[in-house]
Amino acid sequence: MIRLSQLFLTTLRDDPVEAEAASHRLLLRAGYIRRAGAGLFAWLPLGLRVRRRIEEVIRQEMTAAGAQEVLFPGLLPREPYERSGRWKAYGDGIFRLQDRKGADHLLAPTHEEVFTLLVQDVVSSYKQLPVTIYQVQDKYRDETRPRAGLLRAREFTMKDAYSFDVTDEGLAASYQAQRDAYERIFQRLGLEYVIVTADNGLMGGAKSEEFLHPTAVGEDAFVQSAGGYAANVEAFTTLAPPAIPFGDAAEAVVRDTPATPTIDTLVAHANEHVARDEPWTAADTLKNVVLALTHDDGTRELVVVGIPGDRDVDEKRAEVAFAPADVGQATEADLAANPGLVKGYIGPWSAAGPVLGEQSTTGIRYLLDPRVVEGTTWLTGANEEGRHVFGLVAGRDFVGDGTIDVASVRAGDPAPDGSGPVTIERGMEIGHVFQLGRFFAETLGLQVLDESGRLQTVTMGSYGIGVTRNLAAIVEAHHDDKGIVWPREIAPFDVHVVATGRDEAVFALAEQLVADIEATGLEVLFDDRPKVSPGVKFRDAELIGVPRVVVVGRGATEGLGELWDRATGERAEVRLDEVVARLQQG
RNA sequence: CGGGGCGUAGCUCAGCCUGGCUAGAGCACCCGCUUUGGGAGCGGGAGGCCGCGGGUUCGAAUCCCGCCGCCCCGACCA
């Protein structure tokens with residue numbers, strides 16, 4: 001039993017200004033965490049208890065899935081990350097430091113390298129595989145902008161597991177075991193989730209899925225179809241329509257379109273001056289966006305991306321599509337250096353002939369949206385100030401240097417697997433399972449002998465759950481205007497007993513009740529504070545969010561108390577000698 | 001890293017524009033009395049490098065310069 005009169009805790013009556021997100025605000029106010037720096041938090045007793053309960057759920061399911069717990073330091077030497085290339089790839093995203101001898105170290109953002117080396121150290125035969133090992137460890141990332149408290153912190157706790165197999169089939173099975181464990185974990189944590197196809201990101205690899213918790217405060221956008229398709233928008237692939245025969249299509253015509261440097265102005269001009277059965281729309285236009293790529297070796301390259309005019313380049317999708325190069329906007333200077341491209345009127349073709357694509361006169365790569373298939377007809381820039389070309393046919397008048405899938409995704413777009421139109425929602429990444437394949441094993445030299453005595457490169461998976469982020473996600477999902485409403489599985493206590501009034505006999509009865517409840521194995525937070533008014537105690541109980549509250553006060557000497565359900569708000573008068581039984585019933 | 005905002009007591013904020021007594025309020029905290037079923041009342045008290053450094057001035061929380069930190073939006077990331 002923990003007595004509130006003794007607990008290292010102070011609740012705040014006012015919302016801290018710095019906290020916007022509900023989880024951040026409530027965890028601060030209810031005294032679970034305190035800010036220690038930007039994106040850095042101290043854990044108070046209440047917060048630690050919840051953290052440990054979440055970790056316990058995770059540990060149980062990891063054990064059930066056959067994974068074994070180990071623990072690495074958070075501080076690691078540079079060398080393994082140098083070998084994998086991530087020392088460089090992470091750029092400013094990690095904390096780097098030097099020891100007194102000047103040797104580079106880092107605060108680990110994730111531990112693939114050292115787990116790989118540990119297995120290399122311990123394992124030499126296929127007989128010792130497969131194995132899945134995990135840890136619950138703090139990770140460090142030098143976020144440019146930590147936000148929303150625990151949702152994006154610079155130090156956060158993560159359960160990261162790594163599987164090691166000899167065969168692809170083995171990896172698939174290890175992956176599935178973790179994926180199944182994740183489903184059980186999130187069910188137990190009371191977190192709704194959607195499993196979406198993810199981008200493979202920094203680590204390469206074959207297959208990757210994210211567990212996204214749908215919420216408005218989520219930083220990811222994902223799509224879903226009624227037919228079961230689900231993907232992060234970064235991983236969404238656009239379905240290309242079939243090609244259209246263009247044998248009888250009319251010749252392209254260049255027209256004067258003064259003062260039409262944007263899609264909106266162009267469409268308005270076309271509708272005013274160029275008759276057609278259907279009104280012109282942005283979807284009839286081909287928008288050509290100049291992007292500046294920065295490659296790994298530091299070289300800069302301009303590319304032009306052609307997408308339907310009713311869409312934008314989605315920067316996140318572009319980063320993925322052009323990875324590992326960084327994507328930026330082209331500057332005025334870039335355009336000035338390429339007089340063939342006229343800002344506001346860029347297109348693959350001009351009256352003088354092709355400008356971009358296969359017969360390019362600019363030397364700039366021209367990549368097309370998958371929807372720009374052969375035979376489609378477009379209204380697009382003619383590379384002259386105030387002129388556009390109407391009826392330009394893909395495959396006849398211009399051919400791109402390839403396709404690129406970077407256009408924004410919209411609700412209603414068809415899922416690539418044919419399962420129907422998609423909807424778009426926001427979600428928070430609460431878990432990530434990933435078939436890494438052999439990248440790390442290859443670069444770090446992890447091989448084992450197979451049955452025939454030959455060396456085989458091991459294939460790996462990595463599986464992460466952000467413990468502290470999940471804690472915040474749970475608060476986001478389980479709170480009301482009065483405070484937190486913890487799911488029972490991870491609440492800091494099972495029961496919150498509130499003694500009210502100033503009658504010592506009442507407090508003695510409450511004390512006895514607490515002992516009786518604890519005898520059944522339930523953990524109790526006991527508000528035994530003397531001289532604190534009932535209103536304050538009730539408010540604190542609601543703020544702290546223990547699922548069930550027992551009030552011992554008015555009526556206690558007649559053997560009556562109250563049992564409150566924090567989640568439903570139900571309040572029932574119960575006989576004190578029946579409280580234990582009622583709590584056990586659930 | 002771009003845009004916006006803010007640094008005054010544990011929390012929320014006033015004071016700054018227009019420089020001037022000992023720097024304020026509410027909440028929280030301590031003592032006493034009263035009160036005890038929804039953030040109680042009265043009285044007393046403790047608590048401040050007014051973010052840091054420099055400058056202007058007889059005098060700076062207030063004006064000027066520089067720096068640092070934090071929050072929010074965006075970009076980047078679990």
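Predicted model only: the values in this text are computed from it and were never measured. All chains are named by letter (A, B, ...) in the order of the sequence lines, taking the proteins before the strands, and each is independently numbered beginning at 1.
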Using a heavy-atom cut-off of 4.0 Å across all strands, would you classify Gly553(A) as base, sugar-phosphate, or nothing? base
Is Arg13(A) near enough to G39(B) that one of its side-chain N or O atoms lies under 4.0 angstrom from OP1 or OP2? no
Between C77(B) and Arg152(A), is there an OP1 or OP2 to side-chain N/O distance shorter than 4.0 Å? no
What is the separation between atom CZ on Phe434(A) and atom P on C77(B), rounded to the nearest whole Å? 13 Å
Does any donor atom in the side chain of His111(A) or Gln135(A) lie under 3.5 Å from an acceptor atom in the other side chain? yes
When all nucleic acid strands are considered with a 4.0 Å heavy-atom cut-off, which category describes Glu210(A): base, sugar-phosphate, or nothing? nothing
Aromatic ring pairing His24(A)/Phe41(A), orientation class (parallel under 30°, perpendicular over 60°, tilted between): perpendicular
With distance as the sole criterion, is a donor-acceptor pair present between the side chains of Tyr182(A) and Glu61(A) under 3.5 Å? no
With a 4.0 Å cutoff (strictly under), does any side-chain N or O of Thr500(A) reach OP1 or OP2 of U36(B)? no
Regarding Asp540(A), tell me which of base, sugar-phosphate or nothing describes its non-hydrogen contacts under 4.0 Å with the strands shown. base
Between the base of G39(B) and the side chain of Arg29(A), is one N or O donor paired with an acceptor at under 3.5 angstrom? yes
Between Arg145(A) and C1(B), is there a contact of a side-chain N or O with OP1 or OP2 at under 4.0 Å? no
